[in-house]
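Before any comments, here is the structure.
Order of the sequence lines sets the chain letters (A, B, ...), proteins ahead of strands, with each chain counted from 1.
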Number of protein chains: 2
Amino acid sequence: MAMQVGTTQWTSQERTITKAALKTAYQRETADIVKLVREKASEVSEIDDLWQLNDFLSARRFDLDGKYDDRDEEMLFVLAKLMKEGWLTVDDLSGLSEEKLTKMKALARIL
Amino acid sequence: MAMQVGTTQWTSQERTITKAALKTAYQRETADIVKLVREKASEVSEIDDLWQLNDFLSARRFDLDGKYDDRDEEMLFVLAKLMKEGWLTVDDLSGLSEEKLTKMKALARIL
């Protein structure tokens, strides 16, 4: 039986919760990148290290641009991925229906 | 009277000098970028600072890729630009003909 994740409906109350969760996850993930880059940068000693840093930043930027997609139809996947990566916990999504949380947890396992 | 910079001939002895000069300039310029990035990185506090750093690195990389062109026909322009930017001095080019040095100094003023 396929989960109908594409047709999930969101109430305005749930949108408030998901919007806040995305913001929280974004802040956590970007703070982590900032910390990592400060560490990497302190170890830079030659120009090739900088080009590696450049590539790393470009990749993270591309990744973040795509990941924090706030369209309704993508929301379950986006939140599930953020849970899988550790940027969100079930607690951050408290207030969403049990059905949605169950779907997200299942998605987080298979993503 | 136009300077015939495009038709400049280089002896193998001069090529040895220009090759070493390019290497010296590249080491000076890249060491300066490394120093600058380490300073910038220590001041990074949020993700937008990192994207600025990313843009800065991409621009420097693009700039360096184009600048250190070691083809004979570009050499006078390349060396003149490096002199203008302060990465090379006349001393670094000691051994080149007076004619070439004069052309380079003139180019450095108008570039």
Chain B: which of Leu53(A), Leu50(A), Leu64(A) shares the most heavy-atom pairs with it under 4.5 Å? Leu50(A)

Cut-off 4.5 Å, heavy atoms of chain B, and the answer for Asp55(A) is both

Determine whether Ile47(B) and Phe62(A) fall in the same hydrophobic cluster, where Ile, Leu, Val, Met, Phe, Trp and Tyr are linked whenever their side-chain heavy atoms lie under 4.5 Å apart. no

Selection from Ala31(B), Ser45(B), Ser58(B) maximising heavy-atom pairs under 4.5 Å formed with chain A: Ser58(B)

Closest approach of Asn54(A) to Arg61(B) (non-hydrogen atoms, all atoms of both residues): OD1-NH1, 2.8 Å

Return the option, out of Val37(B), Val34(B), Asp49(B), with the maximum number of heavy-atom pairs under 4.5 Å with chain A. Val34(B)

Measure across Trp51(A) and Leu57(B) and return the closest heavy-atom pair with its distance rounded to 0.1 Å. CZ3-O, 3.7 Å

Please flag which part of Gln27(A) lies under 4.5 Å from any non-hydrogen atom of chain B: side chain, backbone, both or neither. neither

What part of Phe56(A) is in contact with chain B, defined as an atom under 4.5 angstrom from a non-hydrogen atom: side chain, backbone, both or neither? neither

Closest contact, heavy atoms only, Glu43(B) versus Arg38(A): C-NH1, 4.2 Å

Would you find more than 12 non-hydrogen atoms of other residues, nucleotides or ligands less than 6.0 Å from Glu98(B) atom CD? no

Check this for me: Gln13(B), atom CD, are more than 12 non-hydrogen atoms of other residues, nucleotides or ligands nearer than 6.0 Å? no

